[in-house]
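Computed from heavy atoms alone, side chains included, the values below leave out hydrogens, waters and symmetry copies. Reminder, nothing fancy here: chain letters follow the sequence lines and each chain counts from 1. Please read these numbers as outputs of a predicted model, since none were measured by experiment.
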Amino acid sequence: MQLNFIPIDFDYVDVNDKSVIRIFGRTADGKRCCVIDNCEPYFWLLPKAGVDLQEYAKKVSKVELEHAGRHAIVTRVEIKDKKFLGKDVKALQVFVQNPKDIIVIKDAVKRMRETEAKKEIDINFVTRYIIEKNVRPLMLHAVQGKELSKDEVKKKGWDLNVDIIVEASSIKFLRDESFEPKILAFDIEASEFEVGKGQILMISLADKNIQKVITWKHFSNAPNNIEFVHDEVALIKRFKEIVKEYKPDCLVGYFSDGFDLPYLKVRADKHKIKLNLGLDGSSITFLRGIIPSSKITGLVNIDLYKFISNIISPILQSETLSLGDVARELIGEQKVEIDLSKITRQLQKGDNKINWKRYCLYNLQDAVLTAKLFAQLWPNIAEMAKIVNEPTYNVSRASYSQLVEHYLIHNLKQFNEICANRPTREKILERRARGKYVGAFVFQPKPALYERIAVFDFRSLYPSIIISFNISPASLQSTAKNAYTTPQVEFGKKKKIFYFNKTRSFIPILLKKLIDTRKEVKKSLKRKRTPILEARDYGLKTLSNATYGYYAFFGARYYSIECAASITAFGRYFLRKVIDEINKAGFGVIYADTDGIAFTLGKKTEKQALNFLAKLNRNLPEDMELELENFYTRGIFVTKRTGEIGAKKKYALLVKDGSMKIRGFETVRRDWCNISRKVQDKILGMILKEGSADSSLDYVKGVISDIRNMKIPVEDLIIRTQLKKGVEEYVAIGPHVAIAKKMLQLGMPVGAGSLIEYVVAQGKQKGKKAKAKERIREKARLPDEVKQNEYDSDYYIEHQIIPAVEHIFAIFGIPKEQLLESKKQRKLHEF
DNA sequence: GCGCAAATGATACC
DNA sequence: ACCGGTATCATTTGCGC
């Protein structure tokens, strides 16, 4: 029979000592299917120089071992001409019966005197299969094979909850066809925040066609979508039942790897309920790493929080990655918050006045928002999976470095390349201990208010450098012959020069392919904007930008600090070159950082600037391009807090439409309180629009007087700082750490990653001197502990308002003292 | 106990 | 451990006196 289907999830299991691949997917007519296929596991051996390959192969082919109850044998060995890091090598392809045997056999063959190195022992078997059989996750395939009856499948010891099972004889990629998975979003609420404590109170489920809360907390006047069960046992069982009946392709949660699923597992274990949600009846498994994750066979379990924090967060404005913040930004829905810690406290005290209906609806809201967020982000997950050719499950949890690596691994075949090994633990330690190399150049601005500004920037600077100068570990060579020569590459004080062969190597070629594909996507986007094309564009862009960082990442297979440092060296060279040329052309460079340059037009026109831009581009390498970022009416650059020199990475520009581009200022920093951010934003706007500081001075004085008169709502005085590690790990106990400790004592859920909120209140010390000496952490309070007349107005004026505005006024010659004078006094002075 | 520089820590830029 | 270096700034820590 032939079946057209879309692969969604992959796994492999042993059948009679052999590993078989199972692909779970959807058929063209929407049925859930499982395709069973084979793949021969293998790895590579590189021989030492002068080794008799035939003899060596013979010797390797005889390897046979007993290990962990398995009889591991080499099934056959082939001698192949391959490439490793671009160089020709002879290699033995060593086939085994079961991927598990690789780990056993590689140790035996590694010890042979003929063996120089072993390769590709750490390639995941699913990845191996996808490469060998040219399968493309989430795209349409035709499978030829035999349909298996339920009975035949049972003989393999499986009970598969799918509609069709096919044993493949061949599998063929057909085309990229857009696919929307059937999903079930879920969210649990529990009586405690810590996994292992308390019990599950309710579980919500949501998709387009379902919105449901299951709870064992009974109450009257419940809406239809609330289903009551007897107890927690019935709750978990009902959850399982719904998941099994609904048959989603993806089970979606928000922070579900970190909370919902581990919690569910602990409670299920406690009640001796099997959490066998897998399509083969298997239980959910947890991978314990630094970042725990969970896997359900056949059912792609997606933790949207992970995907967002890994892949989407760089473009988010949200100050936290909480479901509420992210949903507001991405889908424009405001989450209705309730006080969860209050409910927890009430439950602990046995207080019965909990509004269960409201709590249930809150719970449902989370599941619904998760479902909506998924709908929004699915194109991003799917397009990324298609670009790198890895299964959805892996992609949804991968960091950019992993994605870059997946992309490379899946494309080595066309270069006949053997994959580099993953670094050993020792290697990682060594790499992490290495000194830093010099990165980008940042131009020191002169503090002032500027008019008529243009900003040019390099389009994808680092990727274009990698491509232009063929920067890769495979092209690095020791002589200048037929090579690109780097500018001075700096490692601290040491300076070096590197040479990269001019024959294009696989990483720059693959990177160029990403960029060329993106150009095509951009063209299509011009014709018609679709979420899929936008997601593809985003994926291609971010992946190509991540390649430079990948070279410098200690966990990378293709780690090369020489490459990373060469890239930044070229970057500095071209940025400086363009700065010089802009100045020479009669413009005035104000500022530059990494790949962008801001300069004043002076007496020149915008058109002249654009003509000059075209001229600059004619002198750049083909794959490099300088673009106009924008023209600005005005811009302000300030001094550093200490000294008179201009602060880098801190400026505000006024766009012609009246909007502002603000970088680095307190306004854009989440660890400053709202009032200081608001005041700074306001005066930056006033100054940039008016070209003077006249009206903003009065405005600031007004705010200072309001603070002094205790008129500012405590809410605007909250300082938010993230806890980057566990409370006990801190050497310096800052205000947020002190507050976190207090919160822990109160039984509130606090740990690494929590955003700690506090307000600085009046201290206990009396007398001006003693007051000033009291540590800020001693005066820090939880926001709801501080009444309107209790905040420390001096602190907010001196530490939050003045620092945020002082250096802006300094541009106009207005000293700090003048800000502190009252409005009236100033008027008297004027008379 | 005081005043200071160094250390620690968070966040942003690109 | 889950992309890099560059940069600013607040607050605490700890040293010398």
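A close approach under 4.0 Å does not occur between any side-chain nitrogen or oxygen of Lys725(A) and OP1 or OP2 of dT8(B).
As judged by a 4.0 angstrom heavy-atom cut-off over every strand, Gly549(A) is placed among the base-contacting residues. Using a 4.0 Å heavy-atom cutoff across all strands shown, Ala552(A) reaches sugar-phosphate atoms only and no base atom. Across all strands, Val668(A) comes closer than 4.0 Å only to sugar-phosphate atoms, never to a base (heavy-atom distances). Residue contacts shown for Arg434(A) are limited to sugar-phosphate atoms, with no base heavy atom under 4.0 Å away.
With dG9(B), dG4(C), dT11(B) as the candidates, the nucleotide lying closest to the side chain of His736(A) is dG9(B). The side chain of Ser399(A) sits closest to dC2(C) out of dA1(C), dC2(C), dG5(C). In the set dG4(C), dC2(C), dT6(C), dC2(C) carries the atom at the smallest distance from any side-chain atom of Ser401(A).
In this structure, the OH atom of Tyr407(A) is 18 Å from the C1' atom of dC3(C), given to the nearest Å. In this structure, Lys724(A) atom NZ and dA12(B) atom C1' are separated by 11 Å, rounded to whole Å. Distance CZ (Phe553(A)) to P (dG5(C)): 12 Å, rounded to an integer number of Å. When rounded to the nearest whole Å, the span between CD1 of Ile662(A) and P of dC13(B) equals 10 Å. Tyr651(A) has its OH atom 18 Å from the P atom of dT6(C), to the nearest Å. At whole-Å resolution of the value, CZ in Arg663(A) and C1' in dC13(B) are 8 Å apart. Between the CD atom of Glu729(A) and the C1' atom of dT8(B) there is a distance of 14 Å, rounded to whole Å. In this structure, the CD atom of Glu627(A) is 15 Å from the P atom of dC14(B), given to the nearest Å.
Going from atom CD1 of Ile739(A) over to atom CZ of Arg777(A) covers 11.5 Å, rounded to the nearest 0.5 Å.
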Contact string for nucleotides 8-15 of chain C, one letter per nucleotide 5' to 3', B = base within protein heavy-atom range under 4.0 Å, S = sugar-phosphate only, - = neither, reads SSSSSB--
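Within residues 308-320 of chain A, no residue approaches DNA chain C, by heavy-atom distance under 4.0 Å. Shown for residues 565-579 of chain A: no residue has heavy atoms falling under 4.0 angstrom of DNA chain C.
Taking Thr667(A) as the reference, Gln680(A) meet the side-chain hydrogen bond (donor to acceptor under 3.5 Å, both in side chains) condition, with sequence neighbours excluded. Arg425(A) is linked by a side-chain contact (heavy atoms from CB on, under 4.5 Å) to nothing, counting only residues two or more places apart in sequence or in another chain. Residues satisfying the side-chain contact (heavy atoms from CB on, under 4.5 Å) criterion with Lys640(A), sequence neighbours excluded, are Ile645(A), Ala647(A). Remark: Lys436(A) pairs with no residue by the side-chain contact (heavy atoms from CB on, under 4.5 Å) rule, at least two apart or across chains. By the salt bridge (charged side-chain N to carboxylate O under 4.0 Å, His left out) test, Arg572(A) pairs with Glu490(A), sequence neighbours left out. Residues satisfying the salt bridge (charged side-chain N to carboxylate O under 4.0 Å, His left out) criterion with Glu390(A), sequence neighbours excluded, are absent altogether. With sequence neighbours left out, the ring-ring contact (aromatic ring centres under 6.0 Å, His included) criterion links Phe553(A) to no other residue.
Using a 3.5 Å distance cut-off with no hydrogens or angles, the side chains of Thr542(A) and Tyr400(A) do pair a donor with an acceptor. With 3.5 Å as the limit, one finds a donor-acceptor pair spanning the side chains of Ser472(A) and Ser505(A).
Between Phe498(A) and Phe500(A), the angle of the ring planes lies from 30° to 60°, which puts this pair in the tilted group.
The only option from Leu514(A), Ile515(A), Thr547(A) that meets the side chain to side chain contact (heavy atoms under 4.5 Å, CB included) definition with Pro463(A) turns out to be Ile515(A).
Within the helix from dG1(B)-dC17(C) to dC14(B)-dG4(C), the inter-axis angle between the opening and closing five-pair segments is 20°, rounded to 10°.
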Walk me through it: do Tyr558(A) and Tyr551(A) pass the test ring-ring contact (aromatic ring centres under 6.0 Å, His included)? CA-CA 6 Å; Tyr558(A) 293 104; Tyr551(A) 278 149; 8.5 Å; no
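Heavy-atom nearest nucleotides on DNA chain C were determined for Gly555(A) and for Tyr462(A), and the one closer to the 5' end corresponds to Gly555(A). Nucleotides of DNA chain C nearest to Tyr400(A) and Phe441(A) differ in position, and the one nearer the 5' end is that of Tyr400(A).
Salt-bridge annotation for Glu319(A) and Arg328(A): absent, with no side-chain N of the basic residue lying under 4.0 Å from a carboxylate O of the acidic one.
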Indicate every side-chain donor-acceptor pair of residues 307-318 of chain A with a distance under 3.5 Å to a residue at least two apart or in another chain.
unit_1	atom_1	unit_2	atom_2	d
Ser309(A)	OG	Tyr305(A)	O	3.3
Ser309(A)	OG	Lys306(A)	O	3.3
Asn310(A)	ND2	Lys306(A)	O	3.3
Asn310(A)	ND2	Arg397(A)	O	3.2
Asn310(A)	ND2	Ala398(A)	O	3.3
Ser313(A)	OG	Ser309(A)	O	2.8
Ser318(A)	OG	Asp325(A)	O	3.3
Ser318(A)	OG	Glu329(A)	OE1	2.5

